[in-house]
Structures are given as structure tokens and as C-alpha cells.
Amino acid sequence: MISLSVDDIFDSLLMKKSVFKNKRVLSHDYVPNELPHREKEIQKLAYILATALKGGKPSNVFMYGKTGTGKTAVARYVLKKLAERGEKLGLSLSYAYVNCRYRKTNYRVLVKICDEIGCRGLPETGLPADMIFDKMIKQIDRKDQLVIIILDELDWLVKSSGDDVLYQLTRINNELERGQVSLIGITNDLKFKDNLDSRVLSSLSEESIIFSPYNAQQLYDILKQRTVMAFEDGVVDDSALRLAAAIAAQEHGDARRAIDLLRVAGEIVERQGENKLTERHILEAKDEVEKDLVEVTVRDLPVQEQLILLAIVNLSLSSNGDKITTGNVKKVYEDICIKLGYKPVTLRRINDIISDLEMLGIISAPVVSLGRYGRTKLIRVEVPINSILKVFEKDERFSVLLKK
DNA sequence: AATCCACAGGAAGTGCTGGGCG
DNA sequence: CGCCCAGCACTTCCTGTGGATT
């Protein structure tokens with residue numbers, strides 16, 4: 001094997017013509033100028049928000065649909081246009097975007113809103129939450145203005161912190177003298193509405209927009225549009241696009257997943273020094289994306305969650321097809337704890353951890369009733385077990401157990 | 001039809017961490 | 001510095017329940 005010097009590698013990279021024209025087009029936060037197959041949703045949101053241009057307060061909006069159905073993109077797109085138009089008309093309107101998945105506490109959501117509307121530098125922790133709320137009100141009330149707050153992935157916030165902040169936010173207009181606030185709530189969990197206070201729900205869903213998943217043809221159109229912008233001409237095979245669209249269509253019509261596949265496939269093409277993106281690269285990309293995702297997720301899990309996952313993996317390898325229940329997991333988990341010298345957590349906690357692992361998509365754990373033999377969760381690993389094992393083998397805390 | 005298993009999952013609280021404030 | 005605050009992992013105590021078996 002010929003060994004290349006670092007300089008050689010750099011040189012070859014620089015000399016080679018990239019297959020990408022503009023890779024940014026394939027990143028998550030890119031909002032294109034056209035959103036194919038979302039015209040209706042855009043129109044509806046635009047109608048609702050248009051009130052703002054006449055100085056009114058638009059109704060609160062609730063948008064729901066599964067991941068990658070364009071909710072965030074539509075919201076960002078319309079808001080951007082609205083802000084532009086507002087500026088031309090000399091109106092004072094702004095918006096704050098908060099993704100609750102990464103700020104899943106009341107406090108952090110408020111801090112983020114403050115940050116977005118120009119009140120920077122608040123600490124991530126340490127202050128009383130109502131103080132931040134007051135700060136926010138003062139900031140909004142400085143002048144006659146409309147602030148539209150977008151709460152993306154709202155279900156995460158409600159699940160982990162309840163709807164206190166939501167309640168406060170829906171009532172915020174009562175406390176404002178000059179400014180006004182409209183809310184846009186976005187969620188992909190349809191059942192989550194049940195957990196909401198009815199007052200919050202009715203206030204938040206004055207208007208609602210439903211996003212249905214894309215089908216394969218629509219995904220194809222989206223990919224086609226991005227391809228033209230992102231890749232050099234003639235690089236991407238049409239059949240590769242069809243395949244990526246088909247794969248993503250199976251996974252609840254997730255456009256983000258489709259675009260990920262395309263981007264990673266493009267990176268693979270570059271790495272392998274080729275100049276054509278084919279179906280093969282899409283398949284390789286699929287593997288890579290899945291493996292990476294699993295490995296990163298498992299590696300960054302708290303240790304107790306790892307131990308319980310280890311127990312589940314053990315069970316699904318040994319007890320050939322036997323039912324894996326919460327009680328089973330508990331036994332194996334406690335054995336593992338003794339062998340590795342960890343203090344086991346209680347059943348109640350195990351139950352929460354199993355739910356966590358399910359939320360992460362590593363396992364499925366539907367509640368089933370075995371009649372006389374009780375009610376439990378039926379657990380199954382939903383990702384390639386080898387990817388999980390790979391992480392544990394590398395981790396010296398567990399490797400003792402895995403080596404023979 | 002009644003029973004009862006093996007848990008599910010809500011509520012409230014503890015102990016610890018990491019930060020701010022006067 | 002001591003005090004306060006929120007978050008997190010976890011515990012304790014608890015009530016609820018689908019359906020095979022009695």
C-alpha cells in the first residue's frame with residue numbers, strides 16, 4: 001500500500017474538482033426559496049399572519065405533522081418574508097425561533113426568547129425564572145411592536161417541564177402595554193395535545209395547520225430541486241434520487257432524512273474519488289447514517305442507561321427470541337451491576353430509562369398485557385445490535401464483560 | 001364475572017451540581 | 001462568602017389496569 005503524505009492528501013483534494021456546487025443547500029437549516037408541495041400550508045400561514053402587516057395581532061397558530069414534513073421550513077420561510085415586508089412598511093415586527101428539543105426547560109426557553117429579541121447575555125442557569133419572564137416583557141414592551149414566537153418541537157418542552165411557560169406565554173398579551181405577541185407552536189407528536197391544559201390548547205390552536213407526510217414522488221421533487229442547486233451538473237443519477245426518495249418515504253416521508261442521504265452519498269463519492277453519484281452510494285450512505293447515529297447516541301448515554309441497554313442487548317442475543325420484559329431486564333441488569341460494581345437503580349427508574357431508550361429509537365417497548373401474567377413492556381432492539389456492541393467494546397468500563 | 005399478576009406511570013421529594021447575586 | 005436558584009438522576013410511595021385464568 002502506498003502511503004500518502006499529508007501534503008499529498010491536501011493536494012489531491014484541492015486539485016480534484018468537487019462534485020458539490022453548493023453543499024450548504026443540503027444542510028438542515030437551509031431554507032430554499034421554493035418549498036415544493038407545501039404551497040397550501042404556506043398560503044394558510046401567510047393568510048393568518050398577514051394581519052400583522054395592518055398592525056393587528058395574528059391568531060396563535062398550532063402546526064403539526066411528523067418530522068421532516070416541512071413544518072419548520074414553512075414557518076421560517078413565511079416569517080422571513082413577513083419580516084421583510086414589514087420592514088418595507090416601516091412596521092416593527094420581529095420573531096423569535098426556539099427549538100424546544102435542545103432547550104427543554106421553561107427557564108432555557110425563556111432565555112432563548114430573550115436572546116432572540118435582542119436581550120443578550122442572560123445566564124443559562126442561576127436566576128429565578130420569573131425574573132427572566134419580567135425581562136422579556138420589558139424588552140417587548142419597549143415599543144409598539146409585534147413579536148412572533150415560534151416554539152418548535154413543543155412536545156419536548158411539555159413532556160419534560162409541563163405547560164407552565166406555555167400558559168404564561170398564552171396570557172402574556174394581558175401584561176403587555178405596547179407590544180404584542182403571537183405564538184406559533186410546532187409539534188410532531190399528535191397525541192401531545194392531550195397533555196395540555198385546555199385553556200392553553202384553545203388559546204394556542206386558534207388556528208391550526210396540519211402537515212401530511214411527503215410521498216415518494218414529492219420527496220423526489222424536493223431532492224431534484226436541491227440537487228440542481230447543490231451538485232455540479234450531471235453528477236447525480238436520476239435513479240439514485242428515486243432510491244433516496246423511496247427510502248425516505250418508507251420512514252414516514254421524512255424530507256430531512258432524504259436530504260441527509262443525498263448529502264452523505266455526495267461525501268462518499270468525494271471520498272472515493274469518483275464523479276458520479278449512483279444508487280450504490282445512496283445505500284452506503286444509508287448504512288453510514290444509521291451506524292453513526294446509533295453509535296453517537298449510545299456512546300453519549302448516561303451510564304445507567306448504558307447498563308440497562310447492555311442488559312437488553314444481552315437478552316436479545318442469548319434468550320433466542322424469548323420475550324424481553326421489564327422484569328427480565330431488571331434481573332439481567334442487576335447481575336451486570338454486581339459484576340461491574342455499580343449500584344443498581346430501582347424498578348421505577350428502570351421503567352423511565354426504558355422509555356428514554358424508546359424515545360431515542362434504539363428500542364421499541366410497547367405496553368402489552370399478558371393477562372394473568374401481568375402487564376409489562378415488550379422490548380425489542382430496533383437498531384443493528386453490532387453498532388451498539390461496538391460502542392460497548394470500545395468502552396473500558398464494559399469491555400471486561402464482553403471479552404471471553 | 002371476578003380475580004389478580006406484573007408491572008405502568010403519576011406525584012412529591014432528596015441530594016448533588018453548577019451557576020448567579022449581594 | 002453564604003445564600004438562592006434550576007436541573008438532573010434518582011427514590012419512595014402510590015394508584016391504575018388489560019386480559020388470561022379461576
Side-chain angles (χ1 to χ4, degrees), chain A residues 98-115 119-136 138-139 153-169 189 191-198 200 297-312 315 319 322-334 336-338 340-360 362-380 397:
Chain A
V98 185
N99 189 326
C100 304
R101 184 176 197 147
Y102 306 110
R103 303 173 182 275
K104 43 184 144 180
T105 68
N106 295 333
Y107 182 89
R108 289 210 242 267
V109 167
L110 289 175
V111 169
K112 175 67 174 166
I113 295 172
C114 285
D115 191 62
C119 188
R120 301 277 149 76
L122 290 167
E124 283 293 306
T125 169
L127 297 175
D130 34 348
M131 188 167 157
I132 306 287
F133 197 76
D134 288 344
K135 269 224 163 75
M136 186 175 79
K138 285 213 185 85
Q139 179 74 15
E153 310 206 52
L154 237 187
D155 39 327
W156 287 82
L157 173 68
V158 175
K159 260 176 219 151
S160 49
S161 305
D163 52 12
D164 292 2
V165 160
L166 228 44
Y167 183 67
Q168 279 184 300
L169 285 175
D189 183 357
K191 281 181 295 177
F192 124 101
K193 286 201 293 182
D194 305 342
N195 310 331
L196 282 181
D197 184 302
S198 58
V200 173
T297 319
V298 173
R299 176 157 28 89
D300 296 344
L301 245 32
V303 68
Q304 290 293 352
E305 308 217 359
Q306 289 179 328
L307 289 166
I308 285 172
L309 182 59
L310 190 54
I312 294 170
L315 274 167
S319 68
D322 255 18
K323 302 269 180 285
I324 305 178
T325 63
T326 307
N328 277 339
V329 171
K330 181 171 187 280
K331 278 187 217 116
V332 176
Y333 157 75
E334 280 168 355
I336 293 174
C337 280
I338 290 168
L340 297 180
Y342 286 93
K343 184 169 177 283
V345 297
T346 54
L347 182 64
R348 182 67 186 82
R349 181 66 190 142
I350 292 176
N351 189 30
D352 277 349
I353 290 176
I354 289 173
S355 299
D356 275 359
L357 293 174
E358 186 184 20
M359 284 264 286
L360 291 168
I362 301 172
I363 61 172
S364 65
V367 181
V368 294
S369 178
L370 277 45
R372 171 112 292 211
Y373 307 105
R375 248 156 67 89
T376 183
K377 282 179 169 166
L378 196 55
I379 300 160
R380 226 182 75 193
R397 287 175 300 181

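Just so it is clear, the model here is predicted, and its values are computed rather than measured. Order of the sequence lines fixes the chain letters, A, B, ..., with proteins taken first and strands second; residue numbering starts at 1 for each chain. Hydrogens, waters and symmetry mates play no part in the numbers below; they use all other heavy atoms, side chains included.
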### Query
Can you tell me how far C1' of C/dC10 sits from CD1 of A/Ile308, to the nearest Å?
11 Å
### Query
How is A/Pro344 classified with respect to the nucleic acid when contacts are heavy atoms under 4.0 Å: base, sugar-phosphate, or nothing?
sugar-phosphate
### Task
Look at the side-chain N and O atoms of A/Thr105 and state whether any lies under 4.0 Å from the OP1 or OP2 oxygen of C/dG7.
yes
### Side-chain donor/acceptor of A/Thr376 to backbone N/O of A/Thr326, under 3.5 Å
yes
### Query
Does A/Arg348 place a side-chain N or O at less than 4.0 Å from the phosphate oxygens OP1/OP2 of C/dA9?
no
### Summary
Residue set satisfying side chain to side chain donor-acceptor pair (under 3.5 Å) with A/Tyr333, at least two apart, ordered chain then number -> A/Gln304
### Query
Rounding to a whole Å, what distance do you find between A/Leu347:CG and B/dC5:P?
16 Å
### Message
What is the distance, to the nearest angstrom, from the CG atom on A/Asn328 to the P atom on B/dC7?
### Response
8 Å
### Task
Verify the contact: side-chain N or O of A/Ser369 to OP1 or OP2 of C/dA20, cut-off strictly under 4.0 Å; return yes or no.
no
### Task
Figure out the NZ/P separation between A/Lys330 and C/dC10, and round it to whole Å.
15 Å
### Message
Tell me the interatomic distance from A/Ile350, atom CD1, to B/dA8, atom P, rounded to whole angstroms.
### Response
10 Å
### Short N-O contact, A/Arg348 and A/Asp352, less than 4.0 angstrom
yes
### Query
Does a side-chain N or O from A/Arg375 land closer than 4.0 Å to OP1 or OP2 of B/dC7, or not?
no
### A/Tyr373 vs A/Lys377, nearer the 5' end of DNA chain B by closest nucleotide
A/Tyr373
## Note on the structure
When rounded to the nearest 0.5 Å, the distance separating OG of A/Ser369 from CZ of A/Arg375 is 6.5 Å
### Task
Nearest whole angstrom, please: distance from the P of B/dG20 to the CE of A/Met131.
12 Å
